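Heads up, the thing below is written out as structure tokens.
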Amino acid sequence: MTGSDEDPRVAGLRTAVSRLRRELAAHPAEFPDRAIAEEELAALASMTSGGAPEIPRLRRSLLLIAGAIGSVSALAKGLTQVREAVELFGEPPRG
């Protein structure tokens, strides 16, 4: 897929995830669930490289990341950007 054919939601999510990963890597404090946040951010990054991600998996990762770093105020802006990017994908279809 060329850059012009790429879904802008996927590109936005990739950018938000990349930014939060950098902020998390630069954050000096250790906290109990840091590894969970890092793993789920890596999973989100992987999902953005393979076309349209699975909405339920996006939401699950977002919940895990929010739970892992939600109390770290220095990462709040990046987390909000990831949440907003995930929300652009809408609700999963009801089956």
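All values derive from a computational prediction rather than experimental measurement. The first residue of the sequence shown is numbered 1, and numbering continues consecutively from there.
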Are [X] and [Y] in one and the same hydrophobic cluster, where Ile, Leu, Val, Met, Phe, Trp and Tyr link if side-chain heavy atoms are under 4.5 Å apart?
X     : Y     : answer
Val72 : Leu44 : yes
Leu62 : Leu75 : yes
Ile36 : Leu58 : no
Ile55 : Ile65 : yes
Phe31 : Leu79 : yes

Any idea which heavy atoms bring [X] and [Y] closest together, and the distance?
X     : Y     : result
Ala37 : Ile69 : CB-CG2, 3.5 Å
Gly67 : Asp33 : O-OD2, 4.4 Å
Ser61 : Met47 : OG-CE, 3.7 Å

Next on the checklist: For Ala11, is there any backbone N or O sitting under 3.5 Å from a side-chain donor or acceptor partner on Thr15?
Outcome noted: yes

Item to check | From CA spacing to verdict: salt bridge (Lys or Arg N to Asp or Glu O under 4.0 Å), Arg14, Glu6 | outcome: CA-CA 11 Å; Arg14 183 182 310 112; Glu6 183 176 44; 2.4 Å; yes

Checklist entry - In the hydrophobic clustering that connects Ile, Leu, Val, Met, Phe, Trp and Tyr at side-chain heavy-atom distances below 4.5 Å, which members other than Leu88 occupy its cluster, ordered by chain and number? => result none

Residues 20-29, side-chain donor-acceptor partners within the protein, below 3.5 Å, at least two apart:
from	atom 1	to	atom 2	distance (Å)
Arg22	NH1	Ser18	OG	2.8

Next on the checklist: Looking at Arg57 and Glu40, is there a salt bridge between them, counting it only when a charged N and a carboxylate O are closer than 4.0 Å?
Outcome noted: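 Result for this pair is yes, salt bridge flagged.
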
For residues 80-87, please give each side-chain donor-acceptor pair under 3.5 Å, one per line with the distance, not counting sequence neighbours.
from	atom 1	to	atom 2	distance (Å)
Thr80	OG1	Ala76	O	2.9
Gln81	OE1	Arg19	NH1	3.0
Arg83	NH1	Glu87	OE1	3.2
Arg83	NH1	Glu87	OE2	3.0

